[in-house]
There are 2 protein chains.
Amino acid sequence: MSERRVTMADVAREAGVSPTTASFALSGRTDMRISDASRERVLEAARRLGYRPNVTARSLRTKSTQTIGLVSDRITTTPFAGDVIRGAMEAARERDHLLFITEADGDRAAESSLVHALLDRQVDAVIYATMFTRYVTPPKELFGRRVVLLNCLAPGFDAPSVVPDELEAGRDAARALLAAGHTRGIWAIGGHQAVPATPEGIIAGNERMRGLEEVLREGGARLDGVIECDWDTLDGYREVSALLAAGTRPRALVCLADRVSFGAYQALGEAGLSVPGDVSVISFDDQDIASVLRPALTTLKLPHHQLGRLAVELILRGGPLEPAVHRVPMPLRERASLGGPAGT
Amino acid sequence: MSERRVTMADVAREAGVSPTTASFALSGRTDMRISDASRERVLEAARRLGYRPNVTARSLRTKSTQTIGLVSDRITTTPFAGDVIRGAMEAARERDHLLFITEADGDRAAESSLVHALLDRQVDAVIYATMFTRYVTPPKELFGRRVVLLNCLAPGFDAPSVVPDELEAGRDAARALLAAGHTRGIWAIGGHQAVPATPEGIIAGNERMRGLEEVLREGGARLDGVIECDWDTLDGYREVSALLAAGTRPRALVCLADRVSFGAYQALGEAGLSVPGDVSVISFDDQDIASVLRPALTTLKLPHHQLGRLAVELILRGGPLEPAVHRVPMPLRERASLGGPAGT
DNA sequence: CCGCTCAGCTAAATCGGATTAGCAGGATGC
DNA sequence: GCATCCTGCTAATCCGATTTAGCTGAGCGG
């Protein structure tokens with residue numbers, strides 16, 4: 001766009017050397033002998049002219065565009081997903097790479113065409129990301145390419161995955177509950193959210209529940225009940241209201257998602273119950289809402305930023321991308337919704 | 001990355017023609033005479049080999065990478081900003097373009113280096129975006145380049161701006177209030193939010209207030225008061241609580257941002273006042289939270305998606321980018337928080 | 001004084017396309 | 001029968017770098 005850029009040929013001419021010499025001087029390679037005097041003259045000319053290499057042209061020869069593509073289902077749309085992108089961007093920037101962001105919106109054809117668009121622009125690698133942790137089958141265009149799966153798993157597909165450590169998060173929720181003294185009257189709202197189409201339990205709900213129950217059991221505690229419902233505000237409100245209406249008086253609620261917690265807050269409020277005075281609430285995700293809720297919600301943070309960062313770091317680490325599963329810890333955000341058991 | 005791609009030379013060989021012929025046949029240009037037979041053979045060969053042009057290589061000659069760069073302060077971080085990116089992405093995809101997304105986080109040096117990184121990769125244009133509507137001075141690297149300002153204004157800088165039509169939104173809020181029968185007891189919470197460093201009133205708060213007061217006046221109504229405070233949940237809660245504690249009983253609250261509305265809801269709830277039964281609330285932004293609040297919030301939507309889309313469309317429209325200001329309407333989302341005046 | 005080595009540099013090829021200039025051969029005009 | 005025109009194609013360049021192969025002249029050993 002506009003005004004001709006300064007090229008290496010310009011620099012070479014200005015320094016009175018050949019383009020070859022300029023190239024070697026600028027790239028700082030030592031395997032080709034360039035006198036200090038020449039090198040200095042080239043560098044000085046480049047500085048004076050404000051020379052910047054044309055990455056696109058260079059890539060034609062080197063095969064590296066210093067560019068990474070990210071394809072997601074609809075990650076840019078979700079409230080926290082910006083963090084994934086930001087984490088990835090940060091890591092990329094630290095190594096002078098740039099990110100193409102694309103979104104296929106669950107459309108397979110769009111997905112393929114976006115991958116093509118990325119490949120046509122010679123990206124060095126592709127990050128295939130999903131909004132929720134789940135099993136996927138990446139588009140065939142990605143086979144044999146440098147790929148990292150972000151927030152998803154694809155058994156049999158030759159690429160590393162980066163996912164939140166949901167199992168450990170479930171355990172941490174249980175530990176927090178136990179530490180606060182809760183052993184009875186604990187209810188889980190939201191349940192497993194098992195998606196039928198996906199094999200066994202890597203899915204957030206399953207793992208969170210598994211970790212939760214495991215540590216609760218080890219600690220001599222247990223769940224009084226598990227209410228399976230959608231992970232949204234409305235269901236959280238409805239189910240907790242129903243629970244209270246049935247005469248149950250829980251002492252702690254483990255909400256499987258912050259949105260559910262928000263609904264629970266509303267139901268608890270209407271019933272005249274205070275958090276955490278009457279009922280403690282611990283949650284998962286740490287969406288924006290978690291910190292503005294009153295009282296602020298204690299929750300296990302989905303490490304989106306770290307997820308994005310690690311995906312890029314794996315790529316920039318160089319070498320082949322081994323198909324390992326990298327689990328990123330979900331830190332506990334201790335705020336105000338978790339207290340001791342009511343009446344103690 | 002991996003396996004050599006099929007090049008045009010491969011296609012030409014397969015079709016038994018020269019690379020020149022292949023190039024013309026593939027690009028479908030008619031100013032160079034290619035027989036239908038040859039053209040068909042080339043196209044067929046390309047299909048058979050799965051040929052895809054190398055956009056990067058092509059751009060070396062054509063100067064067009066079919067790529068647009070987006071630099072923002074911290075747009076990816078804000079809750080709604082994903083929409084800007086999505087709108088921009090959609091528009092780009094419709095024309096086979098891809099987007100580089102970057103974020104400078106308010107750091108001038110980072111901004112410059114990101115713009116350089118974009119320019120080094122020969123982007124066709126740059127979108128300079130901000131999280132909140134405000135005046136900016138784009139980095140000098142952008143001068144003389146193809147640029148569109150998104151959600152910001154830079155007087156004297158030769159580029160078009162795309163911003164929300166805040167003034168009209170203020171008017172629409174007033175119209176909605178009047179239509180519901182409100183003429184008295186109307187309070188504005190959040191105020192002008194004038195940022196001292198920026199000249200006159202393009203800023204959201206100023207324009208919203210101006211439009212609001214203008215139409216209210218024309219409709220024979222007026223504001224009982226304007227409370228200047230930060231646009232966040234805590235201030236909304238605090239200010240409305242204080243207002244109620246002082247014995248004032250508003251009939252309608254115009255909250256200058258959804259976050260303020262959320263705080264207002266909390267204060268109103270604690271005071272035993274219902275929305276919209278006792279007090280109507282109308283707001284601006286339409287953040288995610290607006291639709292999950294109970295009752296759902298009537299608000300004027302910040303048209304982020306359209307903003308992103310229009311910015312890209314201006315670029316792809318071709319021709320020079322005239323320094324006009326494009327104002328995008330903020331649609332009214334009528335939900336449940338606005339009713340008739342209490343007691344009627 | 002001759003042949004060798006080596007430091008220091010340059011010419012030329014390459015990457016994958018787009019584009020300009022030009023060439024061969026048949027049809028056409030006169 | 002000869003110049004001209006047009007059709008259909010190809011050779012050669014170019015875009016902005018990197019990289020390979022090779023050239024030149026000084027220093028050195030014998």
Side-chain angles (χ1 to χ4, degrees), chain A residues 1-43 45-46 49-67 119-124, chain B residues 1-43 45-46 49-67 119-124:
Chain A
M1 45 200 251
S2 63
E3 301 143 26
R4 202 177 71 81
R5 273 171 75 104
V6 174
T7 72
M8 212 176 61
D10 296 330
V11 174
R13 198 174 313 118
E14 174 85 4
V17 300
S18 71
T20 310
T21 302
S23 175
F24 280 105
L26 286 167
S27 64
R29 284 178 49 170
T30 49
D31 53 339
M32 183 71 24
R33 297 140 299 216
I34 305 288
S35 67
D36 288 347
S38 295
R39 183 191 316 286
E40 202 35 65
R41 255 184 311 133
V42 170
L43 261 27
L49 265 31
Y51 169 74
R52 304 212 101 230
N54 179 330
V55 177
T56 303
R58 169 192 293 168
S59 76
L60 196 51
R61 197 80 232 268
T62 61
K63 301 298 174 199
S64 162
T65 51
Q66 309 211 75
T67 282
L119 262 21
D120 291 350
R121 286 168 184 74
Q122 314 296 114
V123 293
D124 296 338
Chain B
M1 45 197 250
S2 61
E3 302 144 25
R4 201 179 70 82
R5 272 172 75 104
V6 175
T7 72
M8 211 177 61
D10 296 330
V11 173
R13 199 174 314 116
E14 173 84 3
V17 299
S18 71
T20 310
T21 302
S23 175
F24 279 104
L26 286 167
S27 62
R29 283 179 50 170
T30 49
D31 55 337
M32 181 72 23
R33 294 141 302 218
I34 305 288
S35 67
D36 287 347
S38 294
R39 183 192 316 286
E40 201 35 64
R41 254 184 312 133
V42 170
L43 261 28
L49 298 178
Y51 169 73
R52 304 213 101 230
N54 179 331
V55 177
T56 303
R58 169 193 294 167
S59 77
L60 197 50
R61 197 78 229 270
T62 62
K63 302 298 175 198
S64 163
T65 51
Q66 309 210 73
T67 282
L119 262 22
D120 291 350
R121 285 169 184 75
Q122 313 297 114
V123 292
D124 296 337

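Only heavy atoms go into these numbers, but all of them, side chains included; no hydrogens, no water, no symmetry mates. All chains are named by letter (A, B, ...) in the order of the sequence lines, taking the proteins before the strands, and each is independently numbered beginning at 1.
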### Query
Can you name the side chain to side chain donor-acceptor pair (under 3.5 Å) partners of B/Thr67, sequence neighbours left out?
A/Arg121
### Task
Using the test side chain to side chain donor-acceptor pair (under 3.5 Å), find all partners of B/Ser35 that sit at least two apart in sequence or belong to another chain.
B/Ser38
### Task
Check every nucleotide of DNA chain D for an atom under 4.0 Å from a heavy-atom of chain A, then give the first and the last such nucleotide from 5' to 3'.
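The footprint of chain A covers D/dG16 to D/dT20.
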Mind checking side chain to side chain contact (heavy atoms under 4.5 Å, CB included) for [X] and listing every partner two or more places apart, or none if nothing turns up?
X	result
B/Arg33	none
B/Ala25	B/Arg39, B/Val42
B/Asp120	A/Arg5, A/Arg52, A/Val55
B/Ala46	B/Val11, B/Leu26, B/Tyr51

### Task
Just call it for A/Ser38: base, sugar-phosphate, or nothing, with non-hydrogen atoms closer than 4.0 Å on any strand.
sugar-phosphate
### salt bridge (Lys or Arg N to Asp or Glu O under 4.0 Å) partners for B/Asp36, two or more places apart
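Expected list: none.
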### Query
Listed by chain and number, what are the salt bridge (Lys or Arg N to Asp or Glu O under 4.0 Å) partners of B/Arg61, not counting sequence neighbours?
none
### Close side-chain approach of A/Arg58 and A/Gln66, heavy atoms under 4.5 Å
yes
## Note on the structure
To the nearest 10 degrees, the angle between the two end axes of the helix from C/dC1-D/dG30 to C/dC30-D/dG1 (five pairs per end) comes to 70°
### Query
Do any pairs count as a side chain to side chain donor-acceptor pair (under 3.5 Å) and have a residue in residues 19-28 of chain B, sequence neighbours left out, and if so which ones?
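Residue pairs passing side chain to side chain donor-acceptor pair (under 3.5 Å), neighbours aside: B/Ser18-B/Thr21.
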### Query
Atom CZ of A/Arg41 to atom P of C/dG8: distance rounded to whole Å?
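Between P of C/dG8 and CZ of A/Arg41: 13 Å.
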### Task
Do nucleotides 17-26 of chain C as a string where each nucleotide becomes B, S or -: B if the base has a protein heavy atom under 4.0 Å, S if just the sugar-phosphate does, - if no protein is that close.
BBBB------
